[in-house]
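I have a structure here, written as structure tokens, and I will follow up with some questions on it.
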Amino acid sequence: MDSPLSKQAVFRFAPSPNGLLHLGHAYSAILNRNMAAACDGRLLLRIEDIDTVRCRPEYEDAIYRDLHWLGIDWERPVRRQSDHFPFYQHALEDLIGRGLAYPAFLSRGEVRERVAASEASGRPWPRDPDGAPCYPIEQRDLDPALARQWIEDGRQHAWRLNMDAAIAAAEARLGDHPLQWQETGAGPEGETGQVMAQPQRWGDVILSRPDAPSSYHLSVSLDDAAQHVTHVVRGQDLFHATSVHRLLQVLLGLPQPVYRHHGLVLGEDGRKLSKSNRDTGIAAYREKGLLPADLCLLLARDGLVLD
Ligand code: GLU
């Protein structure tokens with residue numbers, strides 16, 4: 001029987017320390033805190049620092065400082081993804097062993113060249129929901145002996161999910177159940193309720209790269225399960241990524257949380273805020289003498305409610 005504790009809702013705020021938190025992060029963090037408080041749930045903080053090139057300790061310190069100023073408290077110890085690379089590696093090896101992942105040797109530049117050549121001859125190249133070109137799928141069929149040789153020779157490579165094989169494997173596990181998730185917020189087109197996952201739109205997503213032994217998709221799916229997260233509350237920019245997370249959850253036998261994707265704070269140019277713009281950073285508001293309550297007013301002005 002489940003213990004009463006296992007029924008407690010678990011929320012998490014999971015920023016990447018690759019820049020300063022902005023007003024949009026403040027919204028996400030406050031919303032997670034409020035939702036956790038409303039149901040007597042727990043609030044976790046996870047530092048998503050798998051990108052060891054772009055993530056920096058001073059940005060991690062800034063996260064703690066900004067959250068503290070906002071009056072948000074979180075459970076200790078904080079999970080830092082860079083402390084768990086062997087955990088992600090283990091799952092990757094599982095997927096490789098099941099024939100669901102393959103080594104990908106093309107550099108970004110080489111992919112770009114192929115895209116340009118294809119588009120120049122009038123053949124559109126498939127793009128993922130973020131607009132990035134999908135990886136060429138014929139690379140799945142590289143001769144395995146040659147791929148092994150290249151790896152032994154030390155050739156740089158990433159690992160990618162064979163999306164068609166992965167979807168087939170997930171369907172075999174799901175039987176008659178569709179691959180979907182429960183959305184209590186909304187996607188960019190107002191998608192809500194039971195949403196059908198469409199992982200095929202992403203093509204062969206990356207699972208690990210030469211400079212980072214895990215990818216966002218793999219580590220976020222594994223960590224939400226490892227931390228018993230029941231409610232994922234995050235920006236609408238990650239709505240489509242949920243399709244990949246649901247797929248990985250099924251493939252790796254992980255539980256599925258409930259999702260709430262919330263609206264984004266947009267800059268004056270109508271685009272989502274950037275971490276590199278200091279003016280919209282939480283720290284900039286603090287230095288201007290604003291109070292956390294003023295940030296809530298700014299969010300309300302943008303139509304972002306904090307229930
Ligand atoms: N680390 C991601 C970011 O900073 C958020 C991941 C998530 O909430 O799933 O954009």
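Just so you know, ligand 1 is whichever comes first in the structure, and atom 1 is the first atom listed for that ligand.
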Legend entry - Pair His22 and Tyr27, ring centroids less than 6.0 Å apart: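 Here the rings of Tyr27 and His22 have centres that are no less than 6.0 Å from each other.
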Legend entry - salt bridge (charged side-chain N to carboxylate O under 4.0 Å, His left out): pairs with one or both residues in residues 231-249, sequence neighbours excluded: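 Listed by first then second residue: Asp237-Lys272.
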Legend entry - Aromatic contact, Trp181 with Phe239 (centres under 6.0 Å):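 So the answer is yes for these two rings.
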Per-pair distances, ligand 1 N/O vs protein N/O, less than 3.5 Å:
unit_1	atom_1	unit_2	atom_2	d
ligand 1	1 (N)	Ala14	O	2.8
ligand 1	1 (N)	Ser16	OG	3.1
ligand 1	1 (N)	Glu48	OE1	2.6
ligand 1	4 (O)	Ser16	N	3.4
ligand 1	8 (O)	Arg12	NH1	2.9
ligand 1	9 (O)	Arg12	NH2	2.9
ligand 1	9 (O)	Tyr216	OH	3.0
ligand 1	9 (O)	Arg234	NH1	2.8

Inset, instruction - For residues 92-120, pull every pair meeting ring-ring contact (aromatic ring centres under 6.0 Å, His included), keeping only residues two or more places apart or in separate chains. - result: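 Of all non-adjacent pairs touching residues 92-120, those that pass ring-ring contact (aromatic ring centres under 6.0 Å, His included) are Phe105-Trp150, Phe105-His157.
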Legend entry - All pairs passing salt bridge (charged side-chain N to carboxylate O under 4.0 Å, His left out) where residues 211-225 contributes a residue, at least two apart: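 Every salt bridge (charged side-chain N to carboxylate O under 4.0 Å, His left out) pair that includes a residue of residues 211-225, provided the two are not neighbours, is Arg12-Asp224, Arg46-Asp223, Arg46-Asp224, Arg79-Asp223.
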Legend entry - NZ/NE/NH1/NH2 to OD/OE distance under 4.0 Å, Arg98 and Asp94: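 Yes, charged N to carboxylate O under 4.0 Å.
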